[in-house]
Amino acid sequence: MHKIIIISLFLTLTACGEKNAPSDVYEEYNSKVVNGLSFKDEKKYYSTSKLAEVEASFPRYMAQMKKSKEEVIKFYQDFSQSVAKCKSIKLLEEQKSGESVVLIYSQTDTCGNDFDGNEKQTVKMVNESGWKISSIEIRL
């Protein structure tokens, strides 16, 4: 019985420790986007300011696209998933400053698109009771 409790405690502590690094959080997020992530689950990865920015953009996109909020979200998720599926990422640099960090990834196209090979993703994250995405810049 004690072995099960110790193993469970070890697995819990190990799992928590693995997600402390900002790059681990972003790579987990990226992997989930590739596999299909609900908007409800995606919001958990966003900082307060990023979530407010996304939510504020819906009325504009709904008017431009003449679609409902749910249709705009579906379009955004499908687009994000298709982009993420074609990008293999590798962490190049982590610039940490207090409760914020900038992650710079190299990205390699895996879908045969014509790129010069020097594309990067820049991800800004803030620590809000855990690392959250505040912005992502991806060269398409």
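One is the number of the first residue; the rest follow in order along the sequence.
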**Q.** Intermediate values then yes/no, side chain to side chain contact (heavy atoms under 4.5 Å, CB included), I104 and Q121
**A.** CA-CA 6 Å; I104 301 174; Q121 288 186 20; over 6 Å; no
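- Two rings, from Y105 and Y26, have their centers less than 6.0 Å apart.
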Between side-chain atoms of residues 72-80 and protein atoms elsewhere (two or more places apart, or another chain), which donor-acceptor pairs fall under 3.5 Å?
unit_1, atom_1, unit_2, atom_2, d
K74, NZ, D78, OD1, 3.0
K74, NZ, D78, OD2, 3.2
Y76, OH, E42, OE2, 3.3
Y76, OH, Y46, OH, 2.9
Q77, NE2, L37, O, 2.7
S80, OG, Y76, O, 3.0

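- Rounding to the nearest 0.5 Å gives a distance of 11.5 Å between CD1 of I89 and OG1 of T110.
- To the nearest 0.5 Å, the span separating CD on E70 from CZ on F58 amounts to 9.0 Å.
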Q: Evaluate side chain to side chain contact (heavy atoms under 4.5 Å, CB included) for T108 paired with K87, printing each intermediate quantity in order.
A: CA-CA 6 Å; T108 305; K87 307 289 184 193; over 6 Å; no
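- Both M65 and M62 belong to a single network of hydrophobic side chains, linked directly or stepwise wherever heavy atoms of I, L, V, M, F, W or Y lie under 4.5 Å apart.
- Residues in residues 58-68 take part in these side-chain hydrogen bond (donor to acceptor under 3.5 Å, both in side chains) pairs, two or more places apart or across chains: S68-E71.
- Within the structure, salt bridge (Lys or Arg N to Asp or Glu O under 4.0 Å) contacts touching residues 93-105 (residues at least two apart or in different chains) do not occur.
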Q.
Would E128 and T48 count as a side chain to side chain contact (heavy atoms under 4.5 Å, CB included) here? Give the steps.
A. CA-CA 8 Å; E128 294 179 352; T48 303; 3.1 Å; yes
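- For W131 against G98, the heavy-atom pair with the smallest separation is CH2-O, 4.4 Å.
- Partners of S135 under the side-chain contact (heavy atoms from CB on, under 4.5 Å) rule, at least two apart in sequence or in another chain, are K124.
- Clustering ILVMFWY residues whenever any of their side-chain heavy atoms sit less than 4.5 angstrom apart, transitively, puts V101 in a cluster other than the one holding V126.
- Annotation: the span from N30 atom CG to S88 atom OG amounts to 9.0 Å, rounded to 0.5 Å.
- One distance of note links OG1 of T122 with CD of Q95; it measures 8.5 Å at 0.5 Å rounding.
- Between L91 and E27 the shortest side-chain heavy-atom distance falls below 4.5 Å.
- Considering only heavy atoms from C-beta on, L92 comes within 4.5 Å of K120 through its side chain.
- Residues passing the side-chain contact (heavy atoms from CB on, under 4.5 Å) test with S31 are N35, sequence neighbours excluded.
- Scanning for salt bridge (charged side-chain N to carboxylate O under 4.0 Å, His left out) contacts around K69 gives E55, with sequence neighbours left out.
- When every heavy atom of Q81 is checked against every heavy atom of V34, the shortest pair comes out as NE2-O, 2.9 Å.
- Rounding to the nearest 0.5 angstrom, the gap separating the OG atom in S38 from the NZ atom in K43 is 9.0 Å.
- A continuous path of hydrophobic side-chain contacts links I136 to F39 [ILVMFWY only; heavy atoms under 4.5 Å].
- Panel note: side chain S47, backbone K50; a donor-acceptor pair is recorded below 3.5 Å.
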Q: Take E119 and Q107, measure what side-chain hydrogen bond (donor to acceptor under 3.5 Å, both in side chains) needs, and give me the verdict at the end.
A: CA-CA 6 Å; E119 286 76 26; Q107 64 181 22; 5.6 Å; no
Q: Any chance you could lay out the side chain to side chain contact (heavy atoms under 4.5 Å, CB included) test for V102 and V123, step after step, and finish with the verdict?
A: CA-CA 6 Å; V102 176; V123 181; over 6 Å; no
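- Nearest approach of M125 to L103, heavy atoms of both residues: SD-CD1, 3.6 Å.
- Smallest separation of non-hydrogen atoms from V54 and S57: O-OG, 2.7 Å.
- Looking only at side-chain heavy atoms (C-beta outward), V33 and Y45 stay at 4.5 Å or farther from each other.
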